[in-house]
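This chain uses plain numbering: 1 for the first residue, then up along the sequence. Just so it is clear, the model here is predicted, and its values are computed rather than measured. Reckoned from all heavy atoms, side chains included, excluding hydrogens, waters and symmetry mates.
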Amino acid sequence: MAIAARAQNAPARPDSTKGATAAPKRQLTALRITQPIKLDAQLDEPMWREAALATDFIQNRPNPGPHEKHPTEVRILYDDANLYIGAVMHDVSPDSILRELTPRDEFGNTDFIGVFLDTYQDKLNGYGFFVTTGGVQLDARYSPASGEDFNWNAVWDSRTAIRGNDWVAEIRIPYSAIRFSSLPEQQWGLNFMRQRKKENQAFFWNEVRPQVDGFVNQWGTLQGVRDVKPPLRLSLTPYVSSYVNHNPLNAEGTRRTTTSFNGGADVKWGLNESFTLDATLVPDFGQVQSDNQVLNLSPFEVQFNENRQFFTEGTELFTKGNLFYSRRVGATPIGFYDVAVGDKEKLVRNPTETRLLNATKVSGRTSKGLGVGVFNALSNNVYATVRNTESGAEREVLTQPFSNYSIVVLDQSLKNNSYVSLINTNVTRAGRTYDANVTGGLFRFADKKNRYAISGQANYSRRRGNIFNSEAQIDNRDGYKYNLDVSKISGNFTYGAFHGIESNTYDPNDLGILFSNNSISQGVYGNYNIFKPFWKVNRFNSYFGLNHNLLYQPTIFQNVSFYSGFNTTFTKNFLSTGLNLNINPRNRDYFEPRKEPLGRYYVLVPGSFGVGGYISTDYRKKLALDLNGGIRPYALDARLPERPRRMGYDFSVSPRYRVNNKLNFRYSIDWSLRQNQIGFVNGGLNSREPLDTAVIRLRGEDVLLGRRQVVTVSNVLSAAYTFTNRMSLTVRTRHYTSTVRYQDFALLRPGGTEEPVDYRRNRANTYNAFNIDAVYSWWFAPGSQVSIVWKNAGTNFLQANEATPLYFENLNNTINTPHNNNVSIKILYFLDYLAIRPKRG
């Protein structure tokens, strides 16, 4: 739940007196101390009473503008090593102070206090430190590329306590947790945020006006921090881990139960006051959450979330321009699907992941606002093992050559919430396998009043070498992309227009992700938002847009679409609801046929319109509910009047129940139905199948399409018990099933013509996936953790007569299929050089 990001991207409210201009900057002076502070949430040291007071917070939601009724009082102290924040939050009674416990970095049904620091005062990049009434810590980074990023973690400390009708927070942020210049006198951007969950209210010390574009640029100023030096930031987090894995599907002649013991370390080293080196040596990512595997019927790959902390933490520079998809590093070997096995051989081992040797990041920002990021990772050769069934002899087949992945980023912050950036990504592989390089430049310039902006990007991709395990050279050797956007960014009514081109040979996918290139796109968009409560609602947000797309080569029509929608929250019960509309006239899908070059073959998609909406009840209640639904009817295909109309339906229900402040349950079921969908018959045709050979002789170069019904159901049940603010247990269970049943088939000719064909092979299929992830986590010291993880995973793919559309039969089949079980324990211990260095006498 991105609390502060809502303030950053909040829609505008009509206010003729203030307009779309930022509020005046408040200032707070920190007090230097020489005596130590005991972190106990008592604030009883005399220095706290001497420090300057920040109070009179201003509401941001649900009603922007009013001053707080229940005062917040915040003071800041500092010494040579730390920044101290003491906060007292006055309230009506103890019952008004909500305090649900959650795992680290998760907001719950609780109050909190947040501290924001812009240590270089560039008004673009900053830090956020939050602590809840229950003492749960959250931290985030703020940047134009990543917005609000809670994947970033720092080592800091805090204590909280409830005293009568108030609650108190005492926070210690070591200078080693942040970066700042070595100037004799510091001047930092500063803001505080308080949430009163009882009334769903959020307040900022320096007013954050939602009609103004940006968040960091609306902070106040911290003064008085003098003669502090950026410390030597050197820390080591060694780890040891042990795994027991039982896989009943392991090949005959191999062990079903295996054990392993691993060790490595993460290193952080402050190269100077601005730059930090992060390295992971012999990384172990075996405990990350399992991917949500799905049945993919589309012509594009599935994009998975990144769950590895090293690749999610502090990557705001590397995500500039969307050229870095971190799952490429350590991904499935490029030759995984191409291992050749002879008649008397079998494949006994084929690793699905590429093990990394190490990964390193160097990143930071100078006092002049220049951000620099360098990323590098190395992976070793990966081999599959093939065994002769008669002799037992084994041979190894290379599936991934030794590879180096690197990124270099330069990002210059400019005045008026603007920037220019340069990014280069590179993949170099050993041997003759091709190398890849992408260079991109992007910019954003806003006017002095922060009302209008122009932004753009230009990329060039270059690939050289041979296709893996082939003498053929890579064909898409050079490509380019650009886009330009002009927009009004502040005020009630915001709008813009864009244009972009991706050439047919543009390919950033060796270290990035692009689902389709070869396009020319342009469009207009707008938003009208009211943020002041009116009638019976707290706010009203609306949007609309028109997109038009052409194929780049040849330059021919692809599609046009119109979309619009709104959402709002009701004042009394905080029920949120929204509605969206999407209209697509008849269009051409050049990608579904899977035929290169694009242009000759396409699936003609009849015109359609989609209507969807959601309802979300108040999360403060013990029982809350999210409902989503949508329907998309298509026009009849005039070319084939006997073909039934296409329809699409989607529906999801997600209740959540909070038993008490420690235990909660969440459940979600997502159901979708695609009736009479026309698509490429996945798996294609097989010359070894007798029923396929006649069609193969008939089709020539043409494509076999099928009219199908696709039913997909996903169930996710999760539970969390938080023992203390440092110890939690979470369990997540997911069952996914998708069934495809074909009604008839057609041959796709050039120009979109479809001719029915008498094809008799049963191509029905059902895919099932089942996962359990149970995680016990204990932060026994700042930055130090013990985690115990149990993973249970099983999948099956049923074809032809085995496939069934019945959900409970699929669930039963999935449960009875042999599952892989994995139990692991991992211990990390944070060692800070400043804490363990020898004391001088």
Side-chain angles (χ1 to χ4, degrees), residues 2 5 8-9 118 120 122-127 140-152 179 213-217 274-276 278 303 305-306 310-329 359-366 368-377 405-427 436-446 453-462 480-485 487 489 498 500 502 506-514:
Q8 182 172 6
N9 302 312
D118 174 9
Y120 289 102
D122 64 4
K123 301 179 182 179
L124 288 170
N125 302 276
Y127 303 90
R141 290 290 298 268
Y142 297 87
S143 69
S146 302
E148 185 178 46
D149 180 13
F150 277 97
N151 289 312
W152 177 75
R179 304 173 191 174
D213 180 71
F215 179 51
V216 181
N217 56 313
S274 300
F275 296 98
T276 300
D278 292 271
Q303 182 176 7
N305 292 332
E306 178 60 87
F310 182 83
F311 293 99
T312 60
E313 180 182 354
T315 57
E316 65 276 0
L317 280 173
F318 303 109
T319 56
K320 280 279 209 177
N322 295 318
L323 291 178
F324 180 38
Y325 176 41
S326 57
R327 291 295 296 263
R328 299 289 185 217
V329 183
T360 305
K361 296 177 293 189
V362 176
S363 61
R365 191 171 295 274
T366 70
K368 303 295 184 181
L370 176 62
V372 180
V374 179
F375 169 89
N376 194 81
Y405 309 85
S406 65
I407 307 172
V408 177
V409 183
L410 300 175
D411 174 53
Q412 178 64 59
S413 301
L414 303 173
K415 292 182 179 180
N416 306 325
N417 214 21
S418 305
Y419 60 83
V420 292
S421 306
L422 179 69
I423 306 100
N424 178 266
T425 69
N426 182 275
V427 179
N437 189 282
V438 180
T439 300
L442 59 154
F443 66 89
R444 182 184 192 268
F445 301 127
I454 180 172
S455 59
Q457 181 171 354
N459 300 343
Y460 166 67
S461 65
R462 182 181 188 273
Y480 72 91
K481 164 192 173 177
Y482 77 81
N483 61 65
L484 187 67
D485 186 291
S487 58
I489 57 177
F498 68 90
E502 292 173 345
Y506 175 65
D507 191 345
N509 281 320
D510 291 276
L511 202 48
I513 186 166
L514 177 68

Cation over ring, Lys361 on Phe310, under 6.0 Å and within 45°?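 Because its charged atom sits under 6.0 Å from the ring centre and within 45° of the axis, Lys361 does stack over Phe310.
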Take Val372 and Leu410 through the side-chain contact (heavy atoms from CB on, under 4.5 Å) test and state the conclusion after the steps. CA-CA 5 Å; Val372 180; Leu410 300 175; 3.9 Å; yes
Flag, side chain of [X] to backbone of [Y], donor-acceptor distance under 3.5 Å:
X      : Y      : value
Ser487 : Ile489 : no
Ser143 : Ser146 : yes
Ser418 : Ala446 : yes
Arg141 : Glu316 : no
Ser413 : Asp122 : no

Could you tell me whether the side chain of [Y] reaches within less than 4.5 Å of the side chain of [X], counting heavy atoms only?
X      : Y      : answer
Ile423 : Ile407 : yes
Thr360 : Asp278 : no
Leu323 : Asn459 : yes
Gln303 : Tyr325 : yes
Phe443 : Ile454 : yes
Leu511 : Val329 : yes
Phe311 : Phe375 : yes
Leu422 : Thr439 : yes

Any chance you could measure [X], atom [atom1], to [Y], atom [atom2], to the nearest 0.5 Å?
X      : Y      : atom1 : atom2 : result
Trp152 : Thr315 : CH2   : OG1   : 13.0 Å
Gln457 : Leu484 : CD    : CG    : 11.5 Å
Phe324 : Glu306 : CZ    : CD    : 7.5 Å
Ser461 : Asp507 : OG    : CG    : 6.0 Å

Looking at Tyr127 versus Tyr142, is the centre-to-centre ring distance below 6.0 Å?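 For Tyr127 and Tyr142, the ring centres are not under 6.0 Å apart.
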Can the ring centres of Tyr460 and Tyr506 be said to be less than 6.0 Å apart?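 For Tyr460 and Tyr506, the ring centres are not under 6.0 Å apart.
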Would you check, one step at a time, whether the test side chain to side chain donor-acceptor pair (under 3.5 Å) holds for Asn125 with Asp118? CA-CA 6 Å; Asn125 302 276; Asp118 174 9; over 6 Å; no
Write out all pairs satisfying salt bridge (Lys or Arg N to Asp or Glu O under 4.0 Å) with one or both partners inside residues 411-424, taking only residues at least two apart or from two chains.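 Residue pairs passing salt bridge (Lys or Arg N to Asp or Glu O under 4.0 Å), neighbours aside: Lys320-Asp411, Arg365-Asp411.
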Using the side-chain contact (heavy atoms from CB on, under 4.5 Å) rule, take Val420 and Phe445 through it: C-alpha gap first, then chi angles, then the decisive distance, then the call. CA-CA 8 Å; Val420 292; Phe445 301 127; 3.7 Å; yes
Looking only at non-hydrogen atoms, find the nearest pair between [X] and [Y] and report the distance.
X      : Y      : value
Gly371 : Leu317 : C-CD1, 4.3 Å
Asn509 : Arg328 : O-NE, 2.7 Å
Ser406 : Asn376 : CB-OD1, 3.5 Å

Count the heavy atoms of every other residue, nucleotide or ligand shown that sit under 6.0 Å from CG of Asn426, and state whether that count exceeds 12.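 Yes - once you tally the heavy atoms of other residues, nucleotides and ligands closer than 6.0 Å, there are more than 12.
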Could you walk me through whether Val409 and Phe318 pass side-chain contact (heavy atoms from CB on, under 4.5 Å), step by step? CA-CA 7 Å; Val409 183; Phe318 303 109; 4.1 Å; yes
May I have the step-by-step check of side-chain contact (heavy atoms from CB on, under 4.5 Å) for Tyr120 and Arg179, ending in yes or no? CA-CA 8 Å; Tyr120 289 102; Arg179 304 173 191 174; 4.0 Å; yes
Does a side-chain N-to-carboxylate-O contact under 4.0 Å join Arg444 and Asp213?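 Judged by the 4.0 Å cut-off on N to carboxylate O distance, Arg444 and Asp213 do form a salt bridge.
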